[in-house]
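Values below: all heavy atoms of this structure, side chains included; hydrogens, waters and symmetry mates excluded. In what follows, residues are counted from 1 in the order of the sequence shown. Counting starts at 1 for both ligands and their atoms, following the listed order.
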Amino acid sequence: MSTFFTEAASAEAVNARMGEQSDPRLREVMAALVRHLHAFAKEVQLTQREWEFAIDFLTRTGQLCSRERQEFILLSDTLGFSMLVDAINNRRPQSATENTVFGPFHVQGAPERAMGDCISLDGKGESCLFEGSVKDLEGNPVAGARIDVWCDNADGYYDVQQPAEQPRWNNRGIFTTGADGRYRFAGVKPVSYPIPHDGPVGQMLEQLGRHPWRPAHMHFLITAPGFQKVVTHTFVGDDAWLGSDAVFGVKERLIARYERVEGGETQWRSQFDFVLTPQ
Ligand code: BEZ
Ligand code: FE
């Protein structure tokens, strides 16, 4: 029997069309999506003009996506959706290091570096030593952990945003822990920066009275055999934007200490230990 469309039973009419032979998980996800989408339009009594605006907004968002720019992920990030999906998929014991948003600026294939090397190649900014250890839940050192790090330069840009101005692989590198599980590298103290806000997502933030800033952070992607991948940052503890990160990435336990060093090789030192969860 066919189900005709009515305002009252709109979602049911759409969902009744799904074939029994289609993938059960796809059916579950799509049926819920249709239910929530229809309930949303009913709740706000969406006008035709608002529907047209939404279609145009999503079209412009897609048109800005390329190999270099992913405006849809930025939309997901700024709506807190990326952090929610990450939280659902990475529930960990209390003592384990938490994930945060991956962001668009990771680049595969960064140079492998030796412990103690410096990742800042442009000589700008306040120098900082990053050190600590990678441990398991029992506190044992994790050997062979690959620590892929990246951050912005002192002007607030990643190397890939300024290919003409910055040396390639500036503020990036991969370090592998030895038997003691320790890591140590020099770089610059990261600075806060605005996410790309010259497109539809930037317009949305402005219309909503939101700013585009992210508090200063160092990105870490840590992988080790037998352990869950950790995608995270350490945040600079005194940053003014910590309480209002544009992409909701801040978690209290990811805020790291940055200490001034007098008479040392670097001006700052940031110590942070990572705790991995078994797979
Ligand atoms: C980042 O930290 O690199 C980032 C994360 C989400 C959106 C934009 C940038
Ligand atoms: Fe970042």
Side-chain angles (χ1 to χ4, degrees), residues 61-62 64-87 89-90 97-110 119-120 122 124-126 128 130 147-163 166 169-174 185 187-206 208 210-222 229-251 253-256 258 270 272 274:
T61 300
L64 210 55
C65 292
S66 65
R67 257 167 56 99
E68 286 76 40
R69 175 115 179 217
Q70 233 301 351
E71 191 77 358
F72 263 117
I73 296 183
L74 205 59
L75 180 59
S76 165
D77 295 344
T78 50
L79 293 177
F81 199 60
S82 306
M83 286 298 290
L84 175 62
V85 174
D86 183 76
N89 287 279
N90 293 286
T97 302
E98 295 169 281
N99 266 14
T100 188
V101 63
F102 187 47
F105 298 123
H106 177 257
V107 182
Q108 289 276 4
I119 59 170
S120 168
D122 64 359
K124 288 184 179 176
E126 296 184 78
C128 183
F130 296 84
I147 308 177
D148 192 341
V149 299
W150 67 104
C151 75
D152 59 345
N153 77 348
D155 298 328
Y157 294 102
Y158 289 84
D159 59 351
V160 288
Q161 294 176 288
Q162 293 189 312
Q166 293 190 40
W169 305 116
N170 192 28
N171 294 308
R172 296 178 190 274
I174 299 176
F185 63 91
V188 288
K189 188 177 179 216
V191 300
S192 37
Y193 63 85
I195 60 169
H197 58 108
D198 55 346
V201 169
Q203 287 164 7
M204 177 189 78
L205 295 179
E206 198 183 327
L208 292 176
R210 287 175 52 182
H211 67 72
W213 286 85
R214 293 219 64 204
H217 55 274
M218 174 65 78
H219 289 261
F220 289 84
L221 167 60
I222 305 180
K229 175 168 85 174
V230 172
V231 178
T232 199
H233 326 331
T234 59
F235 290 92
V236 179
D238 59 359
D239 196 284
W241 305 105
L242 277 176
S244 63
D245 183 359
V247 298
F248 305 95
V250 180
K251 291 178 177 174
R253 290 194 299 126
L254 297 176
I255 299 173
Y258 279 70
S270 178
F272 196 91
F274 296 90

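The aromatic rings of Y158 and H219 sit perpendicular, their planes meeting at an angle over 60°, well past the 30° parallel limit.
H217 contributes no side-chain N or O that, together with a main-chain N or O of G249, makes up a donor-acceptor pair within less than 3.5 Å. Checked by atom type and distance alone, the side chain of Q166 pairs as donor or acceptor with a backbone atom of Y157 at under 3.5 Å. The backbone N or O of G125 sits nowhere less than 3.5 Å from a side-chain atom of K189 that would complete a donor-acceptor pair. Proximity of a side-chain donor or acceptor of R214 to a complementary backbone N or O of I195 within less than 3.5 Å is not detected.
In summary, H219 places an N/O/S atom under 2.8 Å from the Fe ion (ligand 2), meeting the contact criterion.
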Working note: V250 + W241, criterion side chain to side chain contact (heavy atoms under 4.5 Å, CB included); need CA distance, chi angles, decisive distance, verdict. CA-CA 10 Å; V250 180; W241 305 105; over 6 Å; no
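Residue contact check: L74 has heavy atoms under 4.0 Å from atoms 7 (C), 8 (C) of ligand 1. The atoms of ligand 1 that sit less than 4.0 Å from any heavy atom of R214 are 1 (C), 2 (O), 4 (C), 5 (C). Atoms of ligand 1 lying under 4.0 Å from any heavy atom of H219, numbered from 1 in the order shown and given with element: 1 (C), 2 (O), 3 (O).
With the Fe ion (ligand 2) as the vertex, OH of Y158 and NE2 of H217 span 110° to the nearest 10°.
Of all the heavy atoms of F102, none lies under 4.0 Å from any atom of ligand 1, so neither backbone nor side chain is involved. Contacts of W150 with ligand 1, taken as heavy-atom pairs under 4.0 Å, are absent altogether.
Considering N153, D122, D152 in turn, D122 is the only one that fulfils the side-chain hydrogen bond (donor to acceptor under 3.5 Å, both in side chains) rule with N170.
Checked against the 6.0 Å centroid criterion, the rings of F185 and W150 do not qualify as a close aromatic pair.
Here the protein heavy atom with the shortest distance to atom 5 (C) of ligand 1 is G103 CA, 3.3 Å. For atom 9 (C) of ligand 1, the nearest protein heavy atom (residue, atom name, distance) is P104 CD, 3.3 Å. Shortest contact from atom 3 (O) of ligand 1 to any protein heavy atom: Y193 OH, 2.8 Å.
Remark: among candidates D245, I73, D77, the nearest residue to atom 6 (C) of ligand 1 is D77, based on non-hydrogen atoms.
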